[in-house]
Amino acid sequence: MSPSDLPAPPPALFPDASSRTRVDDALTRALLAAGERVAHGSVIPTLDREKLRRELAQFDFAVPRSLDELMKWTIERLEHGVVHMNHPRYFGLFNPAANFPAQCADRIAGAFNPQLASSGSSPAPVEIEAHVIRAIARRAGLPAESVGHFTTSGSEANFTALICALTRAEPRFESQGARAFSGPPIMYTSRECQPAWFKIVHQAGIGREALRLISTDGHGRMDVGALAQALSQDRARGQVPVLISSTAGTTGAGMIDPLGECARICRQEGLWHHVDAAWSGAALASERLRGLLAGIELADSVTIDAHKWFATTMGCGMFITRDPSILSVAFKVAAEFMPSSVTQLDPYLNTVQWSRRFLGLRLFLSLAAAGWGGYGQHVERAVEVAAHAREQLAARGWQIANDSQLAVLCVIPPPGYPPIRDIVKRVLASGRAWVAVAKTEGREVIRVCVTHGETSLADVDELVGALEANP
Ligand SMILES: Cc1ncc(COP(=O)(O)O)c(C=O)c1O
């Protein structure tokens, strides 16, 4: 084939520089305008799903469409078709409004599209990620030799912890799986844990019955007495305890398990201690709040999600361990075709994933731009906003059902109010705010979490008005 016979690259996929600049500028402006409208509109989706399905049915991908039109269409559908984490009155699950440096990071990562499987193909990104992980580990008080990596989610990081624990507990786990143990391997966490643990034990091949849920102390924290008792009972039955996962910042109520005591039990019993600080880990940035996580420095491993309170884009988890060699045992593999194979460095040799996106750039840019001080201010502000909500609701006779010092509040309406689910349904239907129904210590509560870095006290007052608005 002569060069002139070779077809040109499709311009719809690879436009020239001037088209890219024009489209990029238009996109930036369209997104800013949409963001403004979102902040003043409904928190919840207002889109007609049937209509969307009919529109989608017309995308048979036979006739190409203009990217300008497609972006306009997509932004409109997202503007009306999602619960808006970008809305300052999204008092939601731990999903944040994404900070701006993290959004810039996504653009840079998307443009270069580096493959982070190996340091050979991505020396700079691998170094940057490792640097951020070391900085977070140091901030948590973990030893200097601690290592880790970015994950797509907190669940992936928690899964990694279980694989490390199984690997350390039984070297033959690598070849024989759960069969290598002298009895069924088992792990412990509290009954207020994040339920992805059920999927994690399933995926790890030890089965859902291997998840032992320990009762709590009446305040949403793991009861260490019950934990010690469960351990000795399970051992007597021939089961093999491998891991205790303490939660720092429970999903329902933001409570912190007794990290130091759980660490002590793990040391005594020869178990892996994992701290799931998926949401609360960002509190390490604050001089005022970091003491709440005391004991995290004793953990064998830690999960912290940057896409929660560090407010990066989704999903940007971290797994960190004090054991510098365990990951390269747990995830070792041989592949001649890879550009490099450096033990304890190349992500494909130390993590669940193979191909990897440059996730860590999000936290690198936001942490470097804001500094620990900026992030400290961000988390302290959220705690202040939550305290305002607590005061306002308590003053109106609402019961406060958790005593978290973090930015999540569980409340129960005064007697005579409609049932909790009806109140939440009404608040969501109003579009004024987003809150969740949750359960803590067996009680149904309304869960209010400050996840948007720009939520104001006036936004809280609007939420209180929406909660109080009886039909
Ligand atoms: C304490 C805790 N751990 C783990 C997770 C799971 O994180 P992800 O949703 O990133 O998988 C969550 C999610 O909210 C959580 O609250």
Side-chain angles (χ1 to χ4, degrees), residues 42-44 83-85 87-97 190-195 216-221 247-257 279-280 283 289 292 308-309 379-471:
S42 166
V43 187
I44 59 158
V83 172
H84 287 297
M85 276 99 232
H87 196 295
R89 289 194 298 280
Y90 173 74
F91 294 96
L93 305 178
F94 291 142
N95 314 306
S190 94
R191 65 176 183 189
E192 299 258 336
C193 73
Q194 211 274 347
T216 41
D217 63 356
H219 299 280
R221 293 176 293 241
T247 311
T250 55
T251 312
M255 301 308 296
I256 300 174
D257 286 340
W279 171 61
S280 76
L289 299 172
L292 297 173
K308 291 192 166 67
W309 214 353
V379 293
E380 287 169 20
R381 185 184 188 283
V383 169
E384 297 295 333
V385 173
H388 180 68
R390 186 183 303 113
E391 277 162 28
Q392 293 301 310
L393 287 166
R396 288 165 175 77
W398 288 63
Q399 188 188 336
I400 310 302
N402 67 333
D403 61 359
S404 173
Q405 296 176 59
L406 301 174
V408 69
L409 184 62
C410 296
V411 291
I412 296 173
Y417 275 51
I420 278 176
R421 283 178 185 271
D422 292 352
I423 295 178
V424 170
K425 217 184 269 175
R426 208 185 49 237
V427 170
L428 301 199
S430 76
R432 290 166 75 186
W434 199 98
V435 289
V437 177
K439 231 182 196 174
T440 179
E441 290 294 358
R443 284 196 299 178
E444 203 154 85
V445 295
I446 299 178
R447 179 185 176 284
V448 177
C449 182
V450 180
T451 67
H452 193 306
E454 294 167 299
T455 297
S456 66
L457 300 187
D459 288 317
V460 170
D461 297 341
E462 173 87 15
L463 166 69
V464 171
L467 288 169
E468 285 268 280
N470 286 308

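Position 1 is the first residue of the sequence, and the numbers go up from there.
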Do the non-hydrogen side-chain atoms of [X] and [Y] ever get within less than 4.5 Å of each other?
| X | Y | result |
| --- | --- | --- |
| W398 | P413 | yes |
| K425 | V437 | no |
| I256 | L406 | yes |

Stepwise side chain to side chain contact (heavy atoms under 4.5 Å, CB included) test for F91 and V460: CA-CA 9 Å; F91 294 96; V460 170; 4.3 Å; yes

Start with the C-alpha distance between N95 and Y90, add both sets of side-chain angles, then the distance that settles side chain to side chain contact (heavy atoms under 4.5 Å, CB included), and finish with yes or no. CA-CA 9 Å; N95 314 306; Y90 173 74; 3.0 Å; yes

Taking the six-membered ring of F94, is NZ or CZ of R447 closer than 6.0 Å to its centre and within 45° of its axis?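 Judged by the rule, R447 and F94 form a cation-pi pair.
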
About how many Å separate [atom2] of [Y] and [atom1] of [X], when rounded to the nearest 0.5 Å?
| X | Y | atom1 | atom2 | value |
| --- | --- | --- | --- | --- |
| E384 | L457 | CD | CG | 9.0 Å |
| M255 | E441 | CE | CD | 8.5 Å |
| T451 | K308 | OG1 | NZ | 11.5 Å |
| Q392 | E468 | CD | CD | 10.0 Å |
| T251 | W279 | OG1 | CH2 | 10.0 Å |
| R89 | R432 | CZ | CZ | 8.0 Å |

Taking [Y]'s backbone N and O only, do any of them form a donor-acceptor pair with [X]'s side chain (distance below 3.5 Å, no angle check)?
| X | Y | result |
| --- | --- | --- |
| S280 | A248 | yes |
| N402 | A253 | yes |
| R421 | E444 | no |

How close do [X] and [Y] get, counting heavy atoms only, and between which atoms?
| X | Y | result |
| --- | --- | --- |
| I400 | V411 | CD1-CG1, 3.8 Å |
| D257 | G220 | OD1-O, 4.1 Å |
| P418 | R426 | CG-NH1, 3.9 Å |

Could you go through the side chain to side chain contact (heavy atoms under 4.5 Å, CB included) check for R191 and T216 one step at a time? CA-CA 7 Å; R191 65 176 183 189; T216 41; 3.1 Å; yes

Between R221 and S190, do the side chains contain a donor N or O and an acceptor N or O under 3.5 Å apart?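 Per modelled atom types, S190 and R221 side chains form no pair under 3.5 Å.
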
T247 versus Q194, side-chain donor and acceptor atoms under 3.5 Å: no

Of L463, V464, I446, which meets side-chain contact (heavy atoms from CB on, under 4.5 Å) against L393? V464

